[in-house]
Participant: 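The structure follows.
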Amino acid sequence: MCRFVAYSGPDIPLENIVILPQHSLLNQSQHAAEAKLAVNGDGFGMAWYSDQERPGLYRDVLPAWSDRNLVDLCRMINSRLFLAHVRASTFGETSRSNCHPFACGRWSFMHNGQIGDFARVRRRLEASLNDEHYASRRGSTDSELLFLLLLTNGLDHSPYEAVVRTIRQIEEIQGEISQPNRLTASFCDGQVLYAFRYSSDRHSPSLYFGQGLDHGGKVIASEPLDRGTGTWEPIADRSFFTLAGGAATTQALPF
């Protein structure tokens, strides 16, 4: 399983979240505490927003701990809103096109988990994409396909409804499954930060909301970055989370 963080708040260097905390995302790339695998070495990536609608994007196939570029970029880039991810692959080879976050227009997206029985249902799921987003597919992961399904299902108009429609669509196509769906994701349109946790067996990958941190912003993270700083609350399974203008709200998913 992968690990990720997302930040919203005052402009800060990315290193304040990705590199410097005691249990930063960089630390989690080798020492994850709440995942099946402690090591997430199949690439990493970051998406950040500034004064343009489209996010900046940097991804590489190296393990996060072995790329000096990551440390320097995180030290030099300041952003009010960014996503970062370290990958432990389940589907798809280790390539830049398969590293998270994924971006399309103003949206950025990252995922931790799996679509159950993906090899069996992949072709039908890809066929359900509209032409625009089918043409946008660059990699081979279930994560990128989940993102494109959300876009096809109306992410621009209602993120909550797009998530509900997409989960229902996936499970209708699957029928009975031998592997569970485990979908923990975070995504952003450049203004609002969203996340959801859903699993068919109620074992979603972990996700927390952190606030009251030293830098004044708020964070969504697979694992708390530092239990001695701020407060960390788990985001419930089968829920949809929104962080807009510093205000956090949670809605239950209707499953």
Side-chain angles (χ1 to χ4, degrees), residues 1-4 29 32 34-45 47 57 59-64 83 85-104 107-155 162-187 195-207 222 237-238 253 255:
M1 295 296 177
C2 309
R3 304 281 83 180
F4 65 65
S29 69
E34 299 187 38
K36 288 183 177 180
L37 299 175
V39 176
N40 297 269
D42 297 321
F44 68 90
L57 191 64
R59 302 182 293 178
D60 207 342
V61 298
L62 292 174
L83 284 64
H85 185 281
V86 291
R87 182 173 183 243
S89 63
T90 51
F91 300 105
E93 69 277 4
T94 301
S95 66
R96 283 191 179 89
S97 59
N98 283 337
C99 290
H100 308 221
F102 305 98
C104 184
W107 289 97
S108 55
F109 174 91
M110 57 190 179
H111 168 239
N112 176 18
Q114 65 181 21
I115 294 176
D117 296 346
F118 182 61
R120 176 174 64 83
V121 300
R122 172 181 172 178
R123 181 173 179 178
R124 291 181 63 194
L125 289 173
E126 287 180 337
S128 68
L129 295 173
N130 62 26
D131 289 346
E132 175 187 359
H133 296 117
Y134 183 86
S136 298
R137 184 135 161 86
R138 295 290 179 267
S140 57
T141 65
D142 57 340
S143 301
E144 183 192 25
L145 180 54
L146 175 61
F147 177 38
L148 297 175
L149 288 169
L150 290 169
L151 288 164
T152 295
N153 285 324
L155 191 61
V163 168
V164 172
R165 282 194 289 268
T166 298
I167 292 172
R168 284 179 172 157
Q169 179 184 27
I170 290 170
E171 296 197 334
E172 286 174 1
I173 288 174
Q174 287 170 323
E176 292 189 11
I177 55 175
S178 58
Q179 298 175 322
N181 291 313
R182 292 178 178 166
L183 311 174
T184 295
S186 181
F187 49 100
F196 69 91
R197 290 182 71 205
Y198 172 79
S199 59
S200 56
D201 62 353
R202 296 193 179 273
H203 290 289
S204 300
S206 58
L207 192 63
S222 295
D237 194 11
R238 303 196 178 193
L253 292 171
F255 305 108

Participant: Taking all heavy atoms of Ala162 and all of Gly154, pick out the closest pair and write down the distance.
Facilitator: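 Where Ala162 meets Gly154 most closely, the heavy atoms are CB-C, 3.8 Å.
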Participant: Less than 6.0 angstrom separating the ring centers of Phe187 and Phe147, yes or no?
Facilitator: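 No - the distance between ring centres of Phe187 and Phe147 does not fall below the 6.0 Å cut-off.
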Participant: Salt bridge or not for Glu144 and Arg138, using N-O below 4.0 Å?
Facilitator: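 Here Glu144 does not pair with Arg138 in a salt bridge, since their nearest N and O are not under 4.0 Å apart.
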Participant: Are any of the side-chain heavy atoms of His85 and Arg59 separated by less than 4.5 Å?
Facilitator: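 No; the side chains remain at least 4.5 Å from each other.
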Participant: Write down the atom of Val163, the atom of Leu150, and the distance for their closest heavy-atom approach.
Facilitator: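 In this case the closest contact between Val163 and Leu150 is CA-CD2, 3.7 Å.
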Participant: If you measure from OG on Ser143 to CZ on Phe109, what distance do you get to the nearest 0.5 Å?
Facilitator: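 Here the interatomic distance stands at 6.5 Å.
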Participant: If you define the side chain from C-beta out and look only at heavy atoms, does anything of Asn98 sit under 4.5 Å from Arg87?
Facilitator: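 Yes. Closest side-chain heavy atoms under 4.5 Å.
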Participant: Under a 3.5 Å distance rule, please check whether Ser108 uses its side chain to pair with a backbone N or O of Ala103 as donor and acceptor.
Facilitator: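 It does not hold such a pair.
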Participant: Would you say Asn112's side chain and Cys2's backbone share a donor-acceptor pair under 3.5 angstrom?
Facilitator: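 Yes: the side chain of Asn112 pairs with the backbone of Cys2.
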Participant: Around Tyr134, counting heavy atoms of other residues, nucleotides and ligands shown, do more than 12 lie under 6.0 Å from its OH?
Facilitator: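 Atom OH in Tyr134 is not crowded, with 12 or fewer foreign heavy atoms closer than 6.0 Å.
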Participant: Where is the tightest heavy-atom contact between His111 and Gln114, given as atom of each residue plus distance?
Facilitator: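 Minimum heavy-atom separation between His111 and Gln114: CE1-N, 3.7 Å.
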Participant: Could you tell me whether the side chain of Ile177 reaches within less than 4.5 Å of the side chain of Val121, counting heavy atoms only?
Facilitator: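 Val121 does not reach Ile177 side chain to side chain.
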Participant: Give a yes or no on whether a salt bridge exists between Asp60 and Arg96, defined as a side-chain N under 4.0 angstrom from a carboxylate O.
Facilitator: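 Looking at Asp60 and Arg96, the cut-off is met.
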Participant: Would you find a donor on one side and an acceptor on the other, under 3.5 Å apart, between the side chain of Asp117 and the backbone of Gln179?
Facilitator: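 Yes, the answer is positive, given that a donor and an acceptor are paired below the 3.5 Å cut-off.
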Participant: For the residue pair Phe102 and His100, categorise the inter-ring angle as parallel (less than 30°), tilted (30 to 60°) or perpendicular (more than 60°).
Facilitator: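 If you compare the ring of Phe102 with that of His100, the planes turn out tilted.
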Participant: With heavy-atom distances below 4.5 Å as the criterion, would you say the side chains of Asp142 and Leu146 are in contact?
Facilitator: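 In short, these two side chains do not touch, never coming nearer than 4.5 Å.
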Participant: Minimum heavy-atom separation for Thr166 and Leu149, please, with both atom names.
Facilitator: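 It is OG1-O, 3.6 Å.
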Participant: Going by heavy atoms in the side chains, are Glu34 and Ser222 under 4.5 Å from each other?
Facilitator: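 They are not in contact (no side-chain heavy atoms under 4.5 Å apart), so the answer is no.
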Participant: Is there a donor-acceptor contact under 3.5 Å from the side chain of Ser204 to the main chain of Ser199?
Facilitator: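 Confirmed, Ser204 side chain pairs with Ser199 backbone.
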Participant: Tell me, do Phe118 and Leu145 make a side-chain contact under 4.5 Å, heavy atoms counted?
Facilitator: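 Side chain of Phe118 against side chain of Leu145, heavy atoms only: contact under 4.5 Å found.
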Participant: Within a strict 4.5 Å, meaning less than it, do heavy atoms of the Tyr198 and Glu171 side chains meet?
Facilitator: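 Yes - at least one pair of side-chain heavy atoms lies under 4.5 Å apart.
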Participant: Without swapping roles, check the side chain of Thr184 against the backbone of Pro205 for a donor-acceptor pair under 3.5 Å.
Facilitator: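 The answer is yes, because a donor-acceptor pair under 3.5 Å joins these two groups.
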Participant: Should His203 and Pro180 count as side-chain neighbours, where that means a heavy-atom distance under 4.5 Å?
Facilitator: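 No, side chains not in contact.
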Participant: Phe4: what forms a ring-ring contact (aromatic ring centres under 6.0 Å, His included) with it, not counting sequence neighbours?
Facilitator: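 Checked Phe4 against ring-ring contact (aromatic ring centres under 6.0 Å, His included); zero matches.
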Participant: The criterion is salt bridge (Lys or Arg N to Asp or Glu O under 4.0 Å); which residues satisfy it with Arg182, sequence neighbours excluded?
Facilitator: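 Per chain and number, Arg182 pairs via salt bridge (Lys or Arg N to Asp or Glu O under 4.0 Å) with Asp201.
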Participant: Backbone N or O of Gly116 within a donor-acceptor pair of the Asn181 side chain at under 3.5 Å?
Facilitator: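 Yes.
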Participant: Looking at every heavy atom in both Ala64 and Phe44, which two are closest together, and how far apart are they?
Facilitator: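 Residues Ala64 and Phe44, closest heavy atoms: CA-CD2, 3.5 Å.
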Participant: Should Arg168 and Glu172 count as an ion pair when the cut-off is N to O under 4.0 Å?
Facilitator: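 No salt bridge links Arg168 with Glu172.
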Participant: Looking at Arg202 and Asp237, what are the two nearest heavy atoms and their distance?
Facilitator: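 The pair with the smallest heavy-atom distance is CA-OD2, 3.0 Å.
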Participant: Report yes or no: does Arg238 contribute a side-chain atom to a donor-acceptor pair with the main-chain N or O of Leu253 at less than 3.5 Å?
Facilitator: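 A pair under 3.5 Å: no.
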